[in-house]
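Reviewing the structure listed below.
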Amino acid sequence: MVREWDPRTASSAEIASLLDTLNAVLAVDLPQDPPWRESSLREYLSEVMPGERRISWVAQAELAAGGAPGPILGQVNVLLLGDIGVLEVLVHPSRRRSGLGRDLVLVAARRAYQEGFQSIGVEVVGDTPAVAFYESLGFSKEYVETRSVLDLSAVDWAELSEMATGIGAGYHLEFCPGGPPDDLIDAYARAKAEVRDVDDGELRPSSYDPQRLRDSLDCLHRRGMKPYIVLALHEQTGEVAGLTEVVVPAQHPTRADQYDTIVVQDHRGYGIDRAIKARMLLELRSAEPRLTEVQTWNAQANEAMLKVNAELGYRADREWCEYSVDVAELVHRLDAGR
């Protein structure tokens, strides 16, 4: 039974059942990834940025003995933002190849079509069954990144300390837990805007104007995701010359997520990229003592950042792909196959 579902009003038992399915999927597809926890999971599933909407459905087993609802065996949500809908689909490994995944995609695609969206995108992890599944539905690969993971137990902290100080004269670094100070928001947004015209294929673009940046940081906090930022400031102008962002989610607090790392064009060549990332790791060591790993994603053409990550000790893990499809064609194909 597939039904529309609101995580804000869902019972605690439903949230726990969804978590069980999520961790069952991780155990099969990404066995080296840490299992998720229930901490702020409801908020993670429901909170969105202003102007965005997330609509969710679950597939629930028939009523169990005694009339109690059965476990959640699948879930889909579509995030409607800009001119694209972004899918997330979860199917318990025991129900794969049963048609449940197609049913979930169809209900979300129909809603996106009714809402006037022309395309749907989805993140697909390489070397998992999701690749063949989405390609069979007509999705096309648009963009590929490499995910790399840093094992903090293998870090040479003395060498890392040297990297953190290896920055050109005229710059200094600042550590900003929770987000940049408000008096630097404008300069921070200008630095992020440097890459706004790069066609990098991201389904969830960065925030480039000051108010949207504030909204983004607020949304992260509401979702139980704590941001940490290291800034490289140009002493002569006070401008943000570089920045790096790491988020520690309450849902998997032992593995942090690297977000943007940016060095403004005029300030490249001074060792800023390596220094800010090294400083971040040093700060996280004390700020987040439970942390054991950091994962990052990089375009395969971004050789400079891949080199920096390798120097820091990151090891390439697997491909992370973005696929898209025309909504009308997807709905027609799925309806025809029923």
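All values below were derived from every heavy atom in this structure, side-chain atoms included, with hydrogens, water molecules and symmetry-related copies excluded.
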Legend entry - Residues Y228, E288; criterion side chain to side chain donor-acceptor pair (under 3.5 Å); working and verdict: CA-CA 10 Å; Y228 292 93; E288 294 286 344; 2.5 Å; yes
Legend entry - Candidate pair W57 and W5, rule ring pair (Phe, Tyr, Trp, His ring centres under 6.0 Å), full reasoning: CA-CA 5 Å; W57 296 261; W5 182 76; over 10 Å; no
Legend entry - R111 vs E4, salt bridge (charged side-chain N to carboxylate O under 4.0 Å, His left out): CA-CA, chis, key distance, verdict: CA-CA 11 Å; R111 178 63 63 86; E4 195 164 333; 2.8 Å; yes
Inset, instruction - Decide salt bridge (charged side-chain N to carboxylate O under 4.0 Å, His left out) for R54 and E47; before the verdict, give the C-alpha distance in whole Å, the side-chain angles of both, and the deciding distance to 0.1 Å. - result: CA-CA 8 Å; R54 181 182 284 113; E47 295 291 343; over 6 Å; no
Inset, instruction - Begin with the C-alpha distance, continue with both residues' side-chain angles, and end with the deciding distance and a verdict on side chain to side chain donor-acceptor pair (under 3.5 Å) for Q295 and D257. - result: CA-CA 5 Å; Q295 59 185 0; D257 300 327; 2.6 Å; yes
Legend entry - Intermediate values then yes/no, side chain to side chain donor-acceptor pair (under 3.5 Å), N298 and E145: CA-CA 5 Å; N298 297 100; E145 291 182 311; over 6 Å; no
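Taking CG of L19 as the reference point, atom CG of N23 lies at 4.5 Å (rounded to 0.5 Å). Put simply, CG on N309 and CZ on R274 are 12.0 Å apart, with the number rounded to the nearest 0.5 Å. Here the SG-CZ distance, from C219 to R212, works out to 9.5 Å after rounding to the nearest 0.5 Å. In this structure, CH2 on W297 lies 8.0 Å from OH on Y259, to the nearest 0.5 angstrom. The CG atom of D317 sits 7.5 Å away from atom CG of L30, with the distance rounded to the nearest 0.5 Å. The CG atom of L291 sits 11.0 Å away from the OG atom of S286 when rounded to the nearest 0.5 Å.
Side chains of L330 and F139 form a contact here, defined as non-hydrogen atoms less than 4.5 Å apart. The closest side-chain heavy-atom distance from V86 to L81 is below 4.5 Å. Looking at heavy atoms from C-beta onward, Y134 lies out of side-chain contact with S136 at the 4.5 angstrom threshold. Taking 4.5 Å as the limit, every side-chain heavy atom of V230 sits out of range of all side-chain heavy atoms of E245.
A salt bridge does not link E319 to R147: none of the charged side-chain nitrogens sits closer than 4.0 Å to a carboxylate oxygen. Comment: K307 engages E311 in a salt bridge, judged by a side-chain N to carboxylate O separation of less than 4.0 angstrom. With respect to the salt-bridge test (charged N to carboxylate O, under 4.0 angstrom), the residues D182 and R214 qualify. Between E14 and R3 there is a salt bridge, since a side-chain N of the basic residue sits under 4.0 Å from a carboxylate O of the acidic one. Classification of R8 and E43 as a salt-bridged pair fails, no side-chain N sitting under 4.0 Å from a carboxylate O.
Remark: D335 pairs with R110 by the salt bridge (charged side-chain N to carboxylate O under 4.0 Å, His left out) rule, at least two apart or across chains. Under the salt bridge (charged side-chain N to carboxylate O under 4.0 Å, His left out) criterion, E293 pairs with R255, sequence neighbours left out.
Residue-environment remark: CG (D127) stays at or below the threshold of 12 foreign heavy atoms within 6.0 Å. Around the OH atom of Y270, the shell of radius 6.0 Å holds no more than 12 heavy atoms that belong to other residues, nucleotides or ligands.
When the side chains of ILVMFWY residues are joined at heavy-atom separations under 4.5 Å, either directly or via intervening members, V144 and V131 end up in two distinct hydrophobic clusters. One hydrophobic cluster holds both F133 and V78 under the rule that ILVMFWY side chains link at heavy-atom gaps under 4.5 Å. Hydrophobic clustering (ILVMFWY, side-chain heavy atoms < 4.5 Å, transitive): L41 and L220 are in one cluster. Clustering ILVMFWY residues whenever any of their side-chain heavy atoms sit less than 4.5 angstrom apart, transitively, puts L213 in a cluster other than the one holding V263.
Q258 contributes no side-chain N or O that, together with a main-chain N or O of V294, makes up a donor-acceptor pair within less than 3.5 Å. In this structure, the side chain of R42 engages the main chain of P7 through a donor-acceptor pair within 3.5 Å. Under a 3.5 Å cut-off, the side chain of T146 and the backbone N or O of A316 do not form any donor-acceptor pair. Looking only at distances, a side-chain donor or acceptor of H221 sits under 3.5 Å from a matching main-chain atom of G178. Here the side chain of S17 pairs no donor or acceptor atom with the backbone of A13 at under 3.5 angstrom. Within the 3.5 Å criterion, the main-chain N or O of I262 finds no donor-acceptor partner in the side chain of D260. Judged by distance alone, the side chain of D326 and the main-chain N or O of S119 form no donor-acceptor pair under 3.5 Å. Looking at T21, its side chain does come within 3.5 Å of a backbone N or O of I72 through a donor-acceptor pair. For Q251 (side chain) and R223 (main-chain N/O), a donor-acceptor pair under 3.5 Å exists by modelled atom type. In terms of modelled atom types and a separation under 3.5 Å, the side chain of R333 and the main chain of L137 share a donor-acceptor contact.
Taking the ring axis of W157 as reference, the NZ or CZ atom of R285 stays within 45° of it and closer than 6.0 Å to the ring centre. Cation-pi geometry between K277 and Y314 is met: the NZ or CZ atom falls under 6.0 Å from the ring centre, inside 45° of the normal.
Each of H267, R190, H234 was compared with E239 under the side chain to side chain donor-acceptor pair (under 3.5 Å) criterion, and only R190 meets it.
Between W36 and Y44, the gap from one ring centroid to the other is short of 6.0 Å.
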